[in-house]
Structure formats: C-alpha cells, structure tokens
Amino acid sequence: MGIKSKLIVIIITSISLVQACSKFEPITPAEDEILDGPVEGLSFGQNRQFLAGDVAFNGEVFTSQTGLGSVFVATSCVSCHAGDGKGTPFTTLTRFGQIDSTGNQFLHLGGPQLQNRALPGFTPEQIPAGATFSKFTPPANTGLGFIELVSDEDILAMSDPIDANNDGISGVPNYAYLPTFVQPFQNAIPQNGKYIHRFGKKASAYNLLHQTVNAYNQDIGITSTFNPKDVYSGNNIDPEVSDLTVHNVVFYLQTLKAPIQRNRNDAEVQQGKNIFTQIKCASCHIPSLKTGFSSVESLSYKTFFPYTDLLLHDMGNSLDDGYTEGSAKTFEWRTPPLWGLGLSPNSQGGQYFLMHDGRAKSIEEAIMLHGGEGLQSKNNFALLSQSEKNALIKFLKSL
Amino acid sequence: MKISIPFLLLAFCFSINANAQIDPLLLKVEPKDTTQKSLNMDAVYNRPFITVGKLPVSLGGYVEVNWQHLGTDGVSDGHQFQFRRMTLFVASTISKRIKFLSEIEFEPAEKEIAIEFAAIDMEFHPLINLRSGIILNPIGAFNQNHDGPKWEFTDRPISATQMLPATWSNAGFGLYGKHYNKNWMFGYELYLSGGFDNSIIDNQQNKTYLPASKQNPERFEEIASGIPLFTGKIALRHSKIAEIGLSYMGGVYNKWQDDGIVIDEKRRLDVFAIDFNTTIPKSNTFITAEWAWVAVDVPNKYTEQYGSEQMGGFIDIVQPILKRNIFGWKDAVINIAFRTEYVDWNVGKFTSSNTNIGEDVWSIMPAISFRPNSLTVLRLNYRYLQQTDILGNIPSKTGGFSFGISSYF
C-alpha cells in the first residue's frame, strides 16, 4: 500500500471512529443503580427548574466571597449529600443543647447546631459545658417530594400513642411550632398551634423549604430572606442566597426520583420481604404510603414505597444521646426510609454508616442496635436462621 | 493582567492592516525547529518569529483550535468546537545584550486577554542575566514550555495546569544563567515575584486549587502577603542523554495583615517539581515527564475539604513512525503518542474516620499526530479519565475523542 493510500485509510478510520464517538464513551449506569435524576414526566419548564436546583445543590460551592461562614460545617449541599445519597463521618454534624420539649437552652451559645469549622482567622464553635449533644449523619435526599405530600391524616392513622393494638409499637408525630417563613399545608391537622413535622432524624423539619433554609443557614452559614440570622454574629444580615435559588433547590428536592428497587423478583429477595413483615420490621418501616394532590403531575396521588411511617419511636437507651428537637424525647427517633439502602455505600465511600450517627457499619449491625419499641423485632431477627437473615438482608439491599 | 478587549482588538486589527501595506516578500519567517535541543528555560525565545525588513521588532504567535466529543457516565454535551487560544509574541532586540519579549494570550472562552510574559532581559555575563517584568515562574517545565504546537495532545496536562497553575506568571525580578561544556548544559533561574492569595484554599472548586489565584488581577500590583514568592530552578542537560530539572516555588500566600493590622497567621505554600525529557537515539522516541508535590498550610480549624498536600504529574511518550514527503510536505512527520497523567488533590486521611481522602483523577490519552512541518501539528486524541470524589466513591468515567490543530504563525 502506498503512503497516500495508507494515509487515506488512517483518515477514513479516524473519521469513522469519530462518527461513532458515543460508542467509545463510558456508558450510563443503570437507572436503578443511581439515586439522582428527576421523577418521570416533568414538563420542559419543570425540567429547567429541576436543573437550576441541581446546579445550586450540586454545583454551588460557597466561599468567603459568597458568604460562607464565618463558621460553618461544609461548603456546599453536595459536600454532604454526594450523589444525593447518605453521608460519612466527615460530613456528620453535631447538634446540642436541648433535652426536652421546652426547647433549646443553649441558643445563646451557638445552639442547636455546632459550626465546627471556621474560615481562616476565625474560631469555630465548641460544645458549651453542660450541653448534651447528638451526631447526625446525612440521610439520602431521594424521593422527598413524595414524602412531603403524605397527608397529616395518613400520618396520624399510622400513629398509636397509647399502643392501642398492643403490638409494643406506638409511634408519635413530632409536633412543633412553625417558623414564620413556613406556610402550613392546606390539609394540616395542627394541635394547640403546633404542626406535625416530618423531615430529619428527629422529624423536626416541617417541609423541604424549612429543611433547605435551615441547611443553608446552619450547615453553610448562608443567610436568606427566610432566615437572615448570621450564625457567627447572631445579627440579621443581607441575604447570601436568593429566594429564587432557594425555591429552585426545594423544587429539585421535591422532584428527585424515588429509588428504584433492584432484583425485585428474585426468590430470595421475596423471601426476605416476607420475613421483613413477619418479624414486624414493617410495623415501623411501613412499605407503602400515598401522596395527595400536587401541581406536579408526577407526584400527585401516587403510591410509593419508602419503608417508613414518618413517626417517632422509642429506640431504647443505647440510642439515647440525651439530645432532642421539637416534641420528640431524647430516646425517640423518626423511622428512616429504607428505600435506597442498598445504594448507600455508593455515596459512603464504599462502606455503610447507618443509624442517625453512622455508628452501624453494616445492615446487620443496624438491626442489632434496635431497642425500645424495636427490641422485639431485633430479637426476632437474632433468632432467624443464617439463611433467613441472608434473605432479609438481600431484600434490604435490593431497596 | 486584563486589558480592555476592544482596545487590544483594535490595536491588533490596526497592526494587521499595517502589515497588509507591506510587501509580503519583506516578511521573513525565521522558523525555529521547535524540537531542537535546548533547555526548557529557553522555550520563551526558542520560537519562530517573523521579522519585517530591518525593523528591530519580530512577531510571532500560535493558535489552538479543537473539536471534541466527550461523555461522562453516559452523559455527553455532544460535539464541541473550541477556540482554545491565540497567542501573540512580540520580541525586540533593544541592544546587543538587552532583549524584550512579550507574549499576549487571548482566550475567548475565558473572556480573557492576559499578558503572559513581558520581560526585559539584560545580559551581564552568560551566567548572569537580569530578567524583569511579567515572568513565567519556572516551576516544573510545562509552565515555561507550554506552546500548543509543541505538544501531541489537544489538552494541556491536568497536573501542570490545574495543580501547578500553568500558565502562571507574575510581576517580578530574577536572575538566570547558563553554562555550556561540550555536551553538558547547565542552567539556573532564581526569581522573586508576586504570588498566591487565600483563594487557593477558598474557591469554587471546593479543593486546594493553586490556579484560583490567577483570577486575581491585582497580583500584578500587589502581593497578598506582602512577601515575595520565591521560585528557583536548576536544570542539567547532556545533549546525548537527557535533561533533568529540579524546581521549587514557595512563600507566604495569605493576606495576614491589612493596613498594618494583623488579621491572620502567616501561612506558607511550598511546591517542589522534577521534570525530565529525553530522546532515545535509535528509535527517536521522545519522552517528557513532570511530577510535582504541593504543600499548603491549611488552618486546622478550617475544613479538610481543602487538602494540605497534593501531588501529581504526567508522562508523554512520542514515537515518530513516518518521516517523509507527504502530500508535498517535505519532511512531514507522523507520530503516535501516549500520555498518562494523575493528580491526587488531597493526599492524606480524614481525621474523623482515619480513612483515605479521595479526590483524585487519572487519565490516559493515546494520540496520532501529523506534523506537515516543524510549526504545525494536527492531532487526534482519545481520552479516558477517571475521577474519584473526596469520599472515595465509585469514580466517574469520562471518555471521548478530540481533534485539534495548533500552529505557530
């Protein structure tokens, strides 16, 4: 072959390589292997708002120039919620100063949240003497739009404060006053001016706006018109994030898809699911809930599978840190959704950090830490044969 | 240093017009074989220039244009055309041993016109030259030897541009010199210049990022710390074996006092680099490599998001496979090449869990290049890159092709 024809061969091969470029690019992970991405069926306009929220949540890093701190815990939402999944010890935050429903006694000393990091030249907060504290590892952010739309009526139907059905499991909502910037849901069922809160480990955030505004303020030291109080000085200062951005982030959280179950039809997974119900895990980790009306079609009147009752349960002494929020007791924790559990290691550096402070390094360890209302379930689990345990864990990992 | 874009464009159009009046036969290109043997530190002068008649000023420059199609985990922005940069050189010999050289870079995507280099060199003795102006800090080799047409790849190395902040230039003064002895060549450079600021640990990248200081144009007027950045390099070359360079750059980077009032502790940054290049005689294989370590004093009450140690480098292997008349270009060359690169942005372990801090990237890039002459290169690259986040989660994978042309003019 002459040099010219060789060259022409090279050029033609190159062009055809280039033509087929996407074939040579890394493939998309399967939809059920990742947590991020919007719910199906958003309109173009909704997709745009989702993307704007995505950029703020996953792209915006705060610096001293844009308002970070002066004391803070992390520099962006994505620092703690990588891939919208759970966090690690590095992103775990500390809250202190409240022991009962009379409120936080250490607000004047930096409570409730410890801003344990500070810009160069500034001094971070320390836990004041005499304050009890608890550590919170970031939960996943998926499917929260569905959870936000569960009616108070449905939540109350799941609660059983006096254990009327005698199953050893009560479950109560967290009632608390609303901050001024939060509007109650139309179908809210308040009690003495207090409303049922549902987000967070102690269910102390009312809705996603409440959670987002707090996150900007307490986690990053970013003020907004909703909460203009600077965590460092205690003074009200100019907003450091716009209302528009806050609303976009809220919309992003509302329209993040729910985790998709994998291997749902696997025989062992199905066996595990049955065991899950038999040993009463499903009494708190309620498999399916339903949404009410939403102006976002994809969220409206849907049944979804979060494996939570959004209620607080007595989890026993060993999980009692002596710190609480709202009307929750120090030993009470909100049942965390179990959807997405199998994908947790993807955002936790290949490991598991489960329970409110990440102390459990495996699913089995997490189950064995259940006490109080969960004690019976835990004991049932301990009595399972190894193959039954394996099936249960395989089911949990499929979520 | 930013200058008003319209002004420069005007000046540029004017100079083109002015050239158009001149008989092109008067324009003499002095092609430099850019692959010729000299030290990396000679790169600023070792470029092709055009001289116009007897004018004491010579002109030159290069352009870099790319097409690329990259995808990350199945998501691609599709086809992209990128006009990376156009750079103009203006050099003049003021008197026999006083020279001036400047390099102005236009990067439309960055909306930036930057004076990358503009220095007067005075020779007192071959071993003692004074350089003053805007200088390229001699850290590693790439920073001084970064012209697009010299490389077989459409992208600059990650370690050289994002860890070491090529192109990194500052206002400053310094001494340099060279000594030859048969096959041996020795060179040194010692500069004091403007430098970094606190943005290297307080930036949108969410990681220790030396190039963040490039955003601060005030650095050409004012050193944030008030203390000059020292950069020093020694290089040794044996014409039949290789060139090796050792360089160091360091100083206090942060603004620790303002208006005479102390606002922070003084914090240092230290960078150490080693560079190497050689041409294997029989096969004509050209190998160039650079590795660097960065140590930044990050306050311990701040966040581990910003690493106090970084390291990384690259190695390029270029193998000519054909050198002959191609399409009428005498001595045209076809090369195959391969680049491997790696950066760990945050070396160390988390104090909270004693587990490894992720935040690293590696990439490989096979390439074919065609050089019709010594001034122009066409290159087709494939890149595969893996990037791990700070928590050490499953890396994101990027891959795709790029094609580009870069040429001196």
Side-chain angles (χ1 to χ4, degrees), chain A residues 3-4 6-7 10-11 13-15 17-29 33-34 59-66 68-69 71-76 78-80 82-83 85 87-92 116-124 345-351 353 358, chain B residues 67-76 78-79 198-199 201-206 212 254 256 263-265 267 298-299 301-306 322 324-327 334 350-358 368 370 380 382 384-386 389-394 396-401 403:
Chain A
I3 159 94
K4 273 203 185 143
K6 265 190 203 157
L7 259 179
I10 292 182
I11 291 170
T13 338
S14 307
I15 291 176
L17 275 177
V18 158
Q19 280 292 322
C21 12
S22 47
K23 296 223 169 58
F24 296 88
E25 291 170 14
I27 51 161
T28 324
E33 289 292 336
I34 49 174
E60 185 165 17
V61 174
F62 288 90
T63 66
S64 63
Q65 300 290 310
T66 55
L68 176 66
V71 291
F72 61 94
V73 188
T75 53
S76 64
V78 70
S79 304
C80 294
T88 72
F90 172 60
T91 56
T92 293
N116 60 340
R117 298 183 174 113
L119 290 175
F122 292 83
T123 311
N346 291 355
S347 62
Q348 299 189 302
Q351 288 170 276
F353 295 100
Chain B
W67 159 89
Q68 71 175 34
H69 193 294
L70 293 176
T72 300
D73 293 337
V75 182
S76 171
H79 296 273
N198 216 51
S199 66
I201 58 158
D202 183 16
N203 58 60
Q204 292 289 325
Q205 298 283 329
N206 221 4
N254 65 318
W256 54 277
I263 51 173
D264 201 352
E265 283 164 18
R267 286 193 303 275
V298 178
K301 306 254 166 68
Y302 194 41
T303 163
E304 284 169 303
Q305 192 80 43
Y306 292 97
L322 203 68
R324 57 186 290 175
N325 184 325
I326 302 175
F327 294 130
I334 293 178
F350 285 115
T351 47
S352 50
S353 57
N354 206 30
T355 52
N356 196 37
I357 303 179
I368 307 179
F370 172 58
L380 175 70
Y382 177 79
Y384 181 81
L385 175 145
Q386 279 208 357
D389 69 4
I390 186 168
L391 302 171
N393 291 315
I394 301 169
S396 69
K397 302 175 187 69
T398 300
F401 283 98
F403 173 76

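All chains are named by letter (A, B, ...) in the order of the sequence lines, taking the proteins before the strands, and each is independently numbered beginning at 1. Because the structure is a prediction, the values reported are computed rather than measured.
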Examine whether an atom of [X] lies under 4.5 Å from a heavy atom of chain B, and if so say whether it belongs to the side chain, the backbone or both; otherwise answer neither.
| X | value |
| --- | --- |
| A/Q348 | backbone |
| A/S76 | side chain |
| A/F72 | side chain |

Just give me the residue among [options] that pairs up with chain B most often, heavy atom to heavy atom, under 4.5 Å.
| options | result |
| --- | --- |
| A/G358, A/G121, A/A118 | A/A118 |
| A/G350, A/S64, A/G83 | A/S64 |
| A/T28, A/T123, A/T66 | A/T28 |

Please report the interatomic distance CZ(A/F122) to OH(B/Y302), rounded to the nearest 0.5 Å. 11.5 Å
Between CD on residue A/E25 and CG on residue B/L70, distance to nearest 0.5 Å: 6.5 Å
Could you tell me which portion of B/T398 (side chain, backbone, both or neither) has an atom closer than 4.5 angstrom to a non-hydrogen atom of chain A? backbone
Looking at B/I201, B/D202, B/N198, which one forms a side-chain contact (heavy atoms from CB on, under 4.5 Å) with A/T63? B/D202
Does the side chain of A/P120 reach to within under 4.5 Å of the side chain of B/N254, using non-hydrogen atoms? no
Do A/F90 and B/Q305 have side chains that get closer than 4.5 Å, going by heavy atoms? yes
When you look at CD of A/Q65, are more than 12 heavy atoms from neighbouring residues, nucleotides or ligands closer to it than 6.0 Å? no
Could you pull out the closest heavy-atom pair between A/P89 and B/S352, with the gap in Å? C-OG, 3.6 Å
Provide the closest heavy-atom pair for B/L391 versus A/A82 in the form atom of the first, atom of the second, distance. CD1-CB, 4.2 Å
For the side chain of B/D73 and the backbone of A/I27, is there at least one donor-acceptor N/O pair under 3.5 Å apart? no
Counting heavy-atom pairs closer than 4.5 Å to chain A, which one of B/K301, B/K397, B/R267, B/E304 comes out on top? B/K301
So if I apply the side chain to side chain donor-acceptor pair (under 3.5 Å) rule between A/T75 and each of B/T303, B/N203, B/N206, which one comes out positive? B/N206
